[in-house]
There are 2 protein chains.
Amino acid sequence: MNVHLDPFDRDFESIEAIADTISQILQCPVTIEDSNHRLLAYSTHAPDTDPVRIATIIGRRVPEHVISMLWREGIIQQIMDSQVPVLIDPIDSIGLNRRIAVAIRHHHDILGYIWVMDEHKGIDEQGLDDLNKASHAARSKLLQVQTQRRRREEQSFEFFWGMLTGSMDSEHRIVDRAHQLGITLPKSYRVMIIEFDTLLNEKLYEQVLYTILTAQRHRKVLHVRQEQRLLVLIDATDDDIDGHIAAWILLMERMQQRFGVKPVHLASGLSYSLYMDVVKSYQEAITVMNMKKHLPDETKHLHRYEELGWYRFLPAMIQERRARPMQHSSLSRLKAYDKEHQSGLVSTLSLFLQADCNVKRAAEMLHIHSNTLMYRLKRITDIGGIDLNDMEQKISLYLELKMDQWQS
Amino acid sequence: MNVHLDPFDRDFESIEAIADTISQILQCPVTIEDSNHRLLAYSTHAPDTDPVRIATIIGRRVPEHVISMLWREGIIQQIMDSQVPVLIDPIDSIGLNRRIAVAIRHHHDILGYIWVMDEHKGIDEQGLDDLNKASHAARSKLLQVQTQRRRREEQSFEFFWGMLTGSMDSEHRIVDRAHQLGITLPKSYRVMIIEFDTLLNEKLYEQVLYTILTAQRHRKVLHVRQEQRLLVLIDATDDDIDGHIAAWILLMERMQQRFGVKPVHLASGLSYSLYMDVVKSYQEAITVMNMKKHLPDETKHLHRYEELGWYRFLPAMIQERRARPMQHSSLSRLKAYDKEHQSGLVSTLSLFLQADCNVKRAAEMLHIHSNTLMYRLKRITDIGGIDLNDMEQKISLYLELKMDQWQS
DNA sequence: ATCCGCCTTGTGAATTTACACAAAGCGGAT
DNA sequence: ATCCGCTTTGTGTAAATTCACAAGGCGGAT
């Protein structure tokens, strides 16, 4: 066998075929992973294998603690930087035998890794060269698969976006299209918006999406990426909404720990069963999100549209107010006075109302003597011509103040 | 002058000409009135005249007290019933000299009256016959004038309706059209709806309109008649709104006294200067009217859109609620309890909130012991899971209850 | 009849709140 | 500096509100 024909100079029908070919040539177990250490393929007739490999194959991903270890030890970095296969010494503590790894790269991007278990140090120069060639072959295949996936993803984006914007004109149309795309739509769903504090670049997006997929046990999730937002169609069939949302919040926190990305806001619309209602759920989620922007204190601990309470009427009210701007005479007088004397009568009033008109409580919140508050209230009633024993007036003031707060 | 040619067998160029002709033949002063005793024409070269005639000519209408007297005495009735001229004896107390009157009738309708002052009893059979002929001539002329006025009225209806529905597409278009129709639009205006408790039939309509015109010193007023409503464009240039509305309320009461028609509701939109905004003012007036229908107690003493306070947001809120029906869990529990035990917890809560959460006041309004109310409140908080010391919750309940009240 | 849950009313004590008044700080105007 | 208006804080009292508890009425179920 002096004449060594390149066994990787052909078109492989699948990544598995590449793994098997490498394994056959090197007589070692082989696994191929993507850049996120998800299992893409593994050789089948492996003679012996180690615990890490078994766990990887079972979990369809390299176990978390192993990944952490490899990152900590700088091994991943080493593989990423090296143009040639890297030898890795065994790490007994995690059950990792000796192996050789090579990155599958395309320009400067890492598409994945090929791992070869090298129990018996049976790999020579020729073997390493073959491994390099294998890496190139894998690259072509991966790119091919990737573009396929991209195309399918794009179709799914388009589909979901169509649902979100209400441009799909009938229920069965939606169902048919989902079927075409191989997407199983949940019986009952909500639209959720996840907003981050930074732009969702390619890498971040991949990571976030991966976290979500993992949490959802790798069931496909319809989603669309926006500037700083990710729109997701979440399953609401089991009506354990609180638990569900709690899980998402946890997920977000985990994301923060891992990638340093903080999803600043979670907002979800109502749950519906008709797919034509995705628009509605989306609009509701947007409403919640806006509410969180404008009234952060009031909405700190809520995420779902149904938790908005009376605040859900605010947008409609504000629209009405904008259509017919009329100033609340009492409030405008108070505002004028505040401006003139730099006194916080309006804010005092606001907090007083917030505190259920309880003088003692409000005074404590303001860190002032209750008589001071009493004095201010007297000024407020005098200047504003307000009767604080009149529910109608208080409601009017409360709503008006909330709208002001929204608009400022 | 044995050959007596009929001097009324010709086409008169105006009603004045008829009056003059009669006057000339009979040698007496003559006035012609419409069915509402408004002056239509009077002879010019009258030799002598009485105080009533002078007042009529000056005021362009027979003085009120004279009309009342004539009705009371049954004289008007007599004239209306008689096919021939009626002789009326002088009534010194009101300064009415002896005169002869004949109705101008068309089928069974009375179009107006011809009055001839007959100081010297100088009218013979021939004169009475001439008077009858004059009445026929006046009929033709009046019908002619009436159809003209009708046509002009109809055009004005159409014009105003166009403004109300917003089908006029530009400001100068409106101004031009008004000019064409000889209508002077007020600099600033409001749309007002007057709703009656009965259908506005022809007669009623005439009467109401007449009352309004009288009150407006006979300046033309744009208006449209609907089933039970009259839509009016009222002048809001002088900003004495309260006095204005007060005047209208008085007017309505007067109407009630006179014709037994009760305008049940007055509702006015905001005042605007741009004529394109008539639509808005009309919509606002409708909103006020609806509010009065649905929340009569709350809106008993208000008529203008700007007086609605926070209630102006209710329609928008209700629309929102209808779009996404979600029940308030506390309230639905209370409602369920009420149904089960026929207890009025919800209404108690409603009144309690209305009374600014003042136990004493609310108990008095309910005619119950304050401890009874305390007990009920405890039940309400227990069953509904409500914290009545939380402004947010109270606002939510208050708004929800108002909406319920609207919809019921 | 008797029981039981639900509701209403009454009583009195504990607590809270409203209000009047005094004292004093602060900033601007004279 | 002095005055003045506005504001804050403290004190004490009168008024009110809240709350627990007792007593009794009412209607349905056993």
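To find a chain, count down the sequence lines: A is the first, B the second, and so on, and within it residues start at 1. The structure presented is a predicted model; accordingly, all values stated were derived computationally and were not measured.
Checking dC19(C), dC19(D), dT17(D) against the side-chain heavy atoms of K360(B) singles out dT17(D) as nearest.
In this structure, R376(A) atom CZ and dC6(D) atom C1' are separated by 12 Å, rounded to whole Å. Rounded to whole angstrom, the span from the CG atom of L366(B) across to the P atom of dT8(C) amounts to 10 Å. Taking atom CD on E340(A) and atom C1' on dC6(D), their separation rounds to 13 Å, with Å as the unit. Between E364(B) atom CD and dA16(D) atom P the separation is 11 Å, expressed in whole Å. Computed from coordinates, the D356(A) CG to dT17(D) P distance equals 15 Å when rounded to whole Å. Across the protein-nucleic acid pair, L373(A) atom CG and dT16(C) atom P stand 17 Å apart, rounded to whole Å. We find that NZ of K378(B) is positioned 20 Å from P of dT17(D), with the value rounded to whole Å. With rounding to whole Å, M374(B) atom CE is found 13 Å from dA14(C) atom C1'.
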Exercise for review: Step by step, work out the salt bridge (Lys or Arg N to Asp or Glu O under 4.0 Å) result for E364(B) and R361(B).
Suggested key: CA-CA 5 Å; E364(B) 274 165 14; R361(B) 209 175 347 144; over 6 Å; no
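Between Y189(A) and Y272(A), the ring planes lie tilted relative to each other; the angle falls in the 30° to 60° range. Using a 30° and 60° split on the angle between ring planes, W310(A) and Y398(A) fall in the tilted class, from 30° to 60°.
Look at Y375(A) and you won't find any side-chain N or O under 4.0 angstrom from OP1 or OP2 of dG5(D). In terms of phosphate contacts, R379(B) brings a side-chain nitrogen or oxygen within less than 4.0 Å of OP1 or OP2 of dC7(C). Taking side-chain N and O atoms only, T372(B) has no distance below 4.0 Å to OP1 or OP2 of dC7(C).
Judged by atom type and distance alone, N371(B) does not reach the base of dT8(C) through any side-chain donor-acceptor pair under 3.5 Å.
Between S271(A) and R190(A), the side chains place no donor N or O within less than 3.5 Å of an acceptor N or O (distance only, hydrogens not considered).
Under the 4.0 Å criterion applied to side-chain N and carboxylate O atoms, E400(A) and R321(A) are assigned as salt-bridge partners. Salt bridge K293(A)/E195(A): present, at least one basic N to carboxylate O contact under 4.0 Å.
Judged by the 6.0 Å distance and 45° axis criteria, R324(A) is positioned over the aromatic ring of Y305(B).
Both H369(B) and H341(B) sit near DNA chain C, but only H341(B) has its closest nucleotide nearer the 5' end. Between S343(B) and V359(A), the one whose closest nucleotide on DNA chain C sits nearer the 5' end is S343(B).
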Tabulate atom names and distances for all N/O pairs under 3.5 angstrom spanning the protein and nucleotides 25-30 of chain D.
none

